[in-house]
Participant: 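Take a look at the following structure, please.
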Amino acid sequence: MSEILKLNFRGTVIHVQKSSLIHHDGFSYLLAVSNQNPHLEPLFVDRDPKYFHKILDFVRDKEILLPESEVEINEICEEARHFNLHYLIFKCQQKVENMKLKNKFRHLNGSAEILETVGNSDKTIIIFYYTIELSRESVPIQVLEEFIHEYKHKYDIYFHKEEAIKWFSCKLISKTRVVNVLDANPKDIHFCLDEVRRILGTL
């Protein structure tokens, strides 16, 4: 019995190792038909083949590199629903949520943009550096939103994703002074923000 499953996605034939699919219920029907009627291959699958390589990467490696396009992520999510890949559905939904949250906050990308922003601003700038995803599961987003609402009229507040830091930290930058605020675990961001408030009171 062949260990390779041949699937015809609207004219595009894709060869898949059966061992990659046997632990996923969404492929059980295709595997059963293939095993009982091997002469029927390639089996027709009425789906667009565009993202099936992403699906295969996920079922084989349990990891997936999702694109930065919300439209494409939602299309992958729809394919995941078709094949009952619940964890991939969750990953897609989480990625979209992270993107929406990231777009809510003003970001600076790279040291050159930070220097340019500092040079062109008459206000003290607050930059939050983070290495984790800005998701509601990992960061108390409401706390950050409340902080921004409280201080946005007096300070320019930005975010910068920085892999070199531990979790979450902050810099206060004025024309004459740079103040570093301690690294904080996501669960201790309240403490970090309290420290920022304390330092702002001394500027």
Side-chain angles (χ1 to χ4, degrees), residues 5 7-10 12 14 16-32 43-110 127-149 152 157-170 183-190 192-193:
L5 178 63
L7 300 175
N8 176 2
F9 285 80
R10 298 176 183 172
T12 299
I14 299 177
V16 187
Q17 285 189 331
K18 292 181 180 180
S19 59
S20 298
L21 308 180
I22 57 176
H23 299 298
H24 301 276
D25 292 341
F27 300 101
S28 58
Y29 173 75
L30 292 174
L31 290 170
L43 299 177
F44 181 72
V45 181
D46 192 15
R47 307 296 298 181
D48 190 326
K50 181 178 180 181
Y51 296 112
F52 193 66
H53 68 286
K54 289 282 189 185
I55 299 294
L56 287 180
D57 287 345
F58 177 78
V59 298
R60 183 181 59 246
D61 304 326
K62 304 298 187 294
E63 295 289 340
I64 187 170
L65 181 62
L66 292 170
E68 295 300 318
S69 164
E70 184 175 341
V71 171
E72 292 183 9
I73 294 171
N74 286 331
E75 289 174 347
I76 293 172
C77 190
E78 187 59 33
E79 295 306 301
R81 288 193 181 93
H82 178 77
F83 294 107
N84 294 321
L85 299 173
H86 301 294
Y87 185 61
L88 180 54
I89 295 170
F90 167 76
K91 296 288 285 186
C92 289
Q93 293 173 337
Q94 185 182 52
K95 174 78 173 184
V96 170
E97 173 75 359
N98 290 343
M99 291 169 62
K100 289 179 178 178
L101 288 172
K102 186 173 180 179
N103 290 336
K104 292 180 69 173
F105 303 125
R106 293 193 297 176
H107 272 70
L108 296 174
N109 300 304
I127 304 178
F128 290 104
Y129 294 79
Y130 65 96
T131 187
I132 51 178
E133 290 297 329
L134 289 178
S135 70
R136 298 185 189 277
E137 290 77 24
S138 61
V139 177
I141 293 295
Q142 184 177 354
V143 174
L144 292 176
E145 291 173 332
E146 291 171 354
F147 179 89
I148 292 171
H149 180 74
K152 65 182 180 181
I157 303 173
Y158 296 94
F159 287 74
H160 175 67
K161 190 161 188 180
E162 175 60 71
E163 299 299 338
I165 68 165
K166 182 179 179 182
W167 290 106
F168 192 92
S169 66
C170 181
D183 286 350
N185 183 288
K187 296 179 181 179
D188 297 327
I189 287 178
H190 297 82
C192 182
L193 294 180

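Basis for what follows: all heavy atoms, side chains included, without hydrogens, waters or symmetry-related copies.
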Participant: Does I55 reach the side chain of L88, with side-chain heavy atoms less than 4.5 Å apart?
Facilitator: yes
Participant: Which is it for F105 and E145 under the side-chain contact (heavy atoms from CB on, under 4.5 Å) test, yes or no, and what are the steps along the way?
Facilitator: CA-CA 9 Å; F105 303 125; E145 291 173 332; 4.2 Å; yes
Participant: Given the rule in the salt bridge (charged side-chain N to carboxylate O under 4.0 Å, His left out) test, do R81 and E78 qualify, once you have shown the distances and angles that lead to the verdict?
Facilitator: CA-CA 5 Å; R81 288 193 181 93; E78 187 59 33; 3.6 Å; yes
Participant: Taking all non-hydrogen atoms of both residues, which atom of I157 and which atom of I148 are closest, and how far apart?
Facilitator: CD1-CA, 3.9 Å
Participant: Can you measure from NE2 (H82) to CZ (R47) and round to the nearest 0.5 angstrom?
Facilitator: 5.0 Å
Participant: Do the non-hydrogen side-chain atoms of T12 and L7 ever get within less than 4.5 Å of each other?
Facilitator: no
Participant: Tell me, please, which residues at least two apart from F27 pass ring pair (Phe, Tyr, Trp, His ring centres under 6.0 Å).
Facilitator: F83
Participant: What closest approach, in Å, do G26 and N84 show between heavy atoms, and which atom pair accounts for it?
Facilitator: CA-ND2, 4.0 Å
Participant: Could you tell me whether the side chain of I14 reaches within less than 4.5 Å of the side chain of L56, counting heavy atoms only?
Facilitator: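 Yes, their side chains come closer than 4.5 Å.
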Participant: Take L66 and C92, measure what side-chain contact (heavy atoms from CB on, under 4.5 Å) needs, and give me the verdict at the end.
Facilitator: CA-CA 8 Å; L66 292 170; C92 289; 4.0 Å; yes
Participant: When you measure from the side chain of D61 to the backbone of E63, do you find a donor-acceptor pair of N or O atoms at a distance under 3.5 Å?
Facilitator: no
Participant: Just wondering, do F159 and L144 contact through their side chains at under 4.5 Å, heavy atoms?
Facilitator: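 Yes, their side chains come closer than 4.5 Å.
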Participant: Would you indicate whether the side-chain heavy atoms of Y87 and K62 approach each other to under 4.5 Å?
Facilitator: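 SC-SC contact between K62 and Y87 ruled out.
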Participant: If you look only at pairs with a residue in residues 19-32, which of them pass as a side chain to side chain donor-acceptor pair (under 3.5 Å), with sequence neighbours excluded?
Facilitator: none
Participant: Measuring only between side-chain heavy atoms, which start at C-beta, is E70 closer than 4.5 Å to K95?
Facilitator: no
Participant: Which pair of heavy atoms, one from L43 and one from L30, lies closest together, and at what distance?
Facilitator: CD1-O, 3.4 Å
Participant: Heavy atoms, side chains only, cut-off 4.5 Å: are C170 and I127 in contact?
Facilitator: no
Participant: Is the charged tip of R106 near the ring of Y158: under 6.0 Å from the six-membered ring centre and within 45° of its axis?
Facilitator: yes
Participant: Which atom names give the shortest non-hydrogen contact between E79 and Y51, and what distance separates them?
Facilitator: CG-CB, 4.5 Å
Participant: Between R60 and D57, what is the shortest heavy-atom contact and its length?
Facilitator: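 That would be NH2-OD1, 2.8 Å.
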Participant: What's the separation between atom CD in E75 and atom NZ in K50, rounded to the nearest 0.5 Å?
Facilitator: 5.0 Å
Participant: Donor-acceptor pair, H160 side chain versus Y129 backbone, under 3.5 Å?
Facilitator: no
Participant: Keeping K54 on the side-chain end and L65 on the backbone end, is there a donor-acceptor pair under 3.5 Å?
Facilitator: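 Answer holds: yes.
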Participant: Tell me if the NZ atom of K152 is crowded by more than 12 foreign heavy atoms within 6.0 Å.
Facilitator: yes
Participant: If you take all heavy atoms of I73 and P67, which pair is closest and at what distance?
Facilitator: CD1-O, 3.2 Å
Participant: Roughly how far, to the nearest 0.5 Å, is CZ of F147 from NE2 of H190?
Facilitator: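 Here the rounded value is 13.0 Å.
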Participant: Ignoring hydrogens and angles, state whether a donor on the side chain of Q142 or E146 is under 3.5 Å from an acceptor on the partner side chain.
Facilitator: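 A pair is found: one side chain offers a donor N or O, the other an acceptor, under 3.5 Å apart.
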